[in-house]
Amino acid sequence: MIYLVDFIGVHSGMHYYLDAFKQILESIEGVKVGIVSNYSDGDGKPVFLNQYKGHKINKMASALRNLWRLDRFIAKHRNDRFIYLTYGNVLDPYFLKIVSKTPNHCLDVHEVIAQNEDSNLRLREKLAKIYSSKITTVISHSSRTDDYLMQFGYEGKKYEVPHFKYVFPRDYNLQAVSEDIRQSVDKEKINILFFGNITREKGIDILLDSVNNLSEKDASKIKVIVAGKDIDGVYKRVKIKPDRNVSFFIRHITDDELRFLYDNVDFLALPYRKTSQSGILEMAFYFKKPIIASDIPYFRKMLTEFPSFGYLDGNSSKDFSYAIHEILKRKSSDFFKEEEYAKYENRKEVNEFKDHFRDWLMPDKDKR
């Protein structure tokens, strides 16, 4: 049995990724997968509590409870295999130490160290010690991850694979979508969505500055929707001009609201300063919504391989203003060319990953 372990789960849409990963693994003959998260993939109760709900004390208590539950679960299933999704945040060292107790562990590395923790020297030291001495196998999605693994002295086995494409239904219950979000989409304009945690690393200030920098003519053609949880308050530092059409939903976005937004907007804005991979990008591709992206390695790689999936420009608000100006000239038929989407749907890297990963999943079995 293989268990996918993740403490974020339904809090930030990682259940979509877990379900996709499970489907990939179970397409290998003889592999069975269970999910250890804050939601259940079957009839049983979730193993973890949602440690992001409630007041600060409740969150801390839930996190401690989850560490205890993981320790007990691994003790009970010690001979099984565990794949732990790691994000490099302040909680990860504690979870990593428990996961590393099992001889059959692997880290699915979304971030070696969280983007907003890059300067946290104490956390860097903790993670470097764990990676260099306790971790034996990792899955990497990007060159940023590879660079950090090298810096942290990791010398174990490494598998390379792109972020897995999503598999969930695209429909939604309109009655479950709040009225303010329903009204935010302007059918007379080009709707641009910024979705996810709202942070400086994800360039929300770049986006808002770029909207301010647009000509009145360009600004009159677009509607910008910002939806997600505020992490560091950086979006408040940019004062939007009165004639700019921007709506903010600074809160948790439900699954139905997420699907509604992705279904009804025209573009996804990704003005990120850095990232190792992006579920927001993969979600956009899943809904066939082109991205407007900053020129960082992961986005450059994706739009080099699939150029009709969006528009790539620089890393400043001036660059992003120009990118918005350029996409306003283009037709919807310019995006998501059929041959490119067919290639995306059948990425050879995923099949290669499955072939190589069989050695870890079933070391003592016939791998047909």
Side-chain angles (χ1 to χ4, degrees), residues 12-13 114-116 180-181 184-186 189-253 257-258 260-262 264-285 287 289-300 302-303 309-330 335:
S12 290
Q115 297 170 38
N116 63 331
D180 55 352
I181 282 188
S184 69
V185 176
D186 189 336
K189 299 183 185 295
I190 301 297
N191 292 273
I192 300 172
L193 173 65
F194 178 100
F195 183 83
N197 288 336
I198 300 168
T199 66
R200 182 182 182 279
E201 286 74 23
K202 292 192 174 181
I204 182 63
D205 54 325
I206 293 174
L207 173 63
L208 298 179
D209 276 331
S210 73
V211 172
N212 279 340
N213 292 338
L214 290 172
S215 67
E216 290 184 12
K217 181 180 178 181
D218 283 347
S220 69
K221 297 178 182 178
I222 68 168
K223 171 64 185 289
V224 174
I225 301 167
V226 177
K229 295 180 290 295
D230 176 37
I231 301 300
D232 54 21
V234 70
Y235 81 97
K236 298 176 183 177
R237 301 171 201 167
V238 180
K239 187 175 182 180
I240 302 296
K241 291 181 178 179
D243 64 339
R244 309 290 129 132
N245 198 349
V246 182
S247 293
F248 293 93
F249 302 98
I250 312 302
R251 58 174 174 80
H252 173 72
I253 305 299
E257 290 173 335
L258 177 153
F260 171 84
L261 287 169
Y262 270 88
N264 286 279
V265 300
D266 302 288
F267 292 91
L268 267 290
L270 292 96
Y272 293 12
R273 289 181 166 91
K274 53 189 173 181
T275 194
S276 289
Q277 46 78 43
S278 174
I280 307 300
L281 172 146
E282 297 291 342
M283 193 87 72
F285 292 174
F287 280 87
K289 302 297 179 178
I291 62 172
I292 312 167
S294 55
D295 187 4
I296 59 175
Y298 186 75
F299 298 156
R300 189 186 315 122
M302 294 300 291
L303 289 181
F309 286 17
Y311 188 93
L312 188 75
D313 211 313
N315 304 77
S316 69
S317 57
K318 182 179 178 181
D319 293 328
F320 219 77
S321 295
Y322 182 76
I324 294 172
H325 172 77
E326 287 299 303
I327 61 100
L328 293 176
K329 300 177 184 177
R330 301 176 70 174
F335 299 103

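In this chain, residues are counted from 1 in sequence order.
Using a 4.5 Å cut-off on side-chain heavy atoms (C-beta onward), Ile181 and Ile253 make contact. Side-chain contact between Leu312 and Met302: absent, with no pair of heavy atoms (C-beta onward) separated by less than 4.5 Å. Within the 4.5 Å cutoff, side-chain heavy atoms of Leu328 are placed close to those of Ile222. Contact check for Gln115 versus Thr199: no side-chain heavy atoms found under the 4.5 Å cut-off. Between Tyr311 and Tyr322, the closest side-chain pair of non-hydrogen atoms falls below 4.5 Å. Side chains of Leu208 and Phe320 form no contact here, defined as non-hydrogen atoms less than 4.5 Å apart. For the pair Ile327 and Phe267, the minimum side-chain heavy-atom distance is below 4.5 Å.
Atoms NZ and CG, on Lys274 and Asn116 in that order, are 8.0 Å from each other to the nearest 0.5 Å. Going from atom OG of Ser317 over to atom CG of Leu214 covers 10.0 Å, rounded to the nearest 0.5 Å. One distance of note links CG of Asp319 with CD1 of Ile292; it measures 13.0 Å at 0.5 Å rounding. Distance check, rounded to the nearest 0.5 Å: CG of Asn212 to CZ of Arg244 gives 6.5 Å. Atom CG in Leu268 sits 9.0 Å away from atom CZ in Phe195 (nearest 0.5 Å). Atom NZ of Lys236 and atom CD1 of Ile198 lie 10.0 Å apart (nearest 0.5 Å).
Of the possible donor and acceptor atoms, one in the side chain of Asn191 sits under 3.5 Å from a partner among the backbone N and O of Asp186. At least one donor-acceptor pair under 3.5 Å links the side chain of Lys189 to the backbone N or O of Ser220. Using a distance-only test at 3.5 Å, with no hydrogens or angles considered, no donor-acceptor pair links the side chain of Asn315 to the main chain of Ser294.
Listed by chain and residue number, Arg300 satisfy the side chain to side chain donor-acceptor pair (under 3.5 Å) test with Asp295 (two or more places apart in sequence, or in another chain). Lys221 is linked by a salt bridge (Lys or Arg N to Asp or Glu O under 4.0 Å) to nothing, counting only residues two or more places apart in sequence or in another chain.
Across every non-hydrogen atom of Ala227 and Leu261, the tightest pair is CB-CD1, 4.0 Å. Shortest non-hydrogen contact noted between Ser278 and Phe299 is CB-CE2, 4.0 Å. Contact detail for Ser184 and Lys223: the closest heavy-atom pair is O-NZ, 2.6 Å.
Ile190 pairs with exactly one of Val265, Ile324, Asp218, Asp266 by the side chain to side chain contact (heavy atoms under 4.5 Å, CB included) rule, that one being Asp266. Ile225 pairs with exactly one of Val246, Val185, Ile192 by the side chain to side chain contact (heavy atoms under 4.5 Å, CB included) rule, that one being Val185.
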message: Quick one, Ile291 with Phe335, criterion side-chain contact (heavy atoms from CB on, under 4.5 Å). Give me CA distance, side-chain angles, the key distance, then yes/no.
response: CA-CA 10 Å; Ile291 62 172; Phe335 299 103; over 6 Å; no
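Electrostatic pairing of Arg273 and Asp205 counts as a salt bridge here, judged by a charged N lying under 4.0 Å from a carboxylate O.
The local environment of NZ in Lys329 is crowded, with over 12 non-hydrogen atoms from other residues, nucleotides or ligands closer than 6.0 Å.
Phe309 and Phe285 have perpendicular rings, their planes meeting at more than 60° on a 0 to 90° scale where under 30° would count as parallel.
Residues Tyr298 and Tyr272 place their aromatic rings such that the two centres sit no closer than 6.0 Å.
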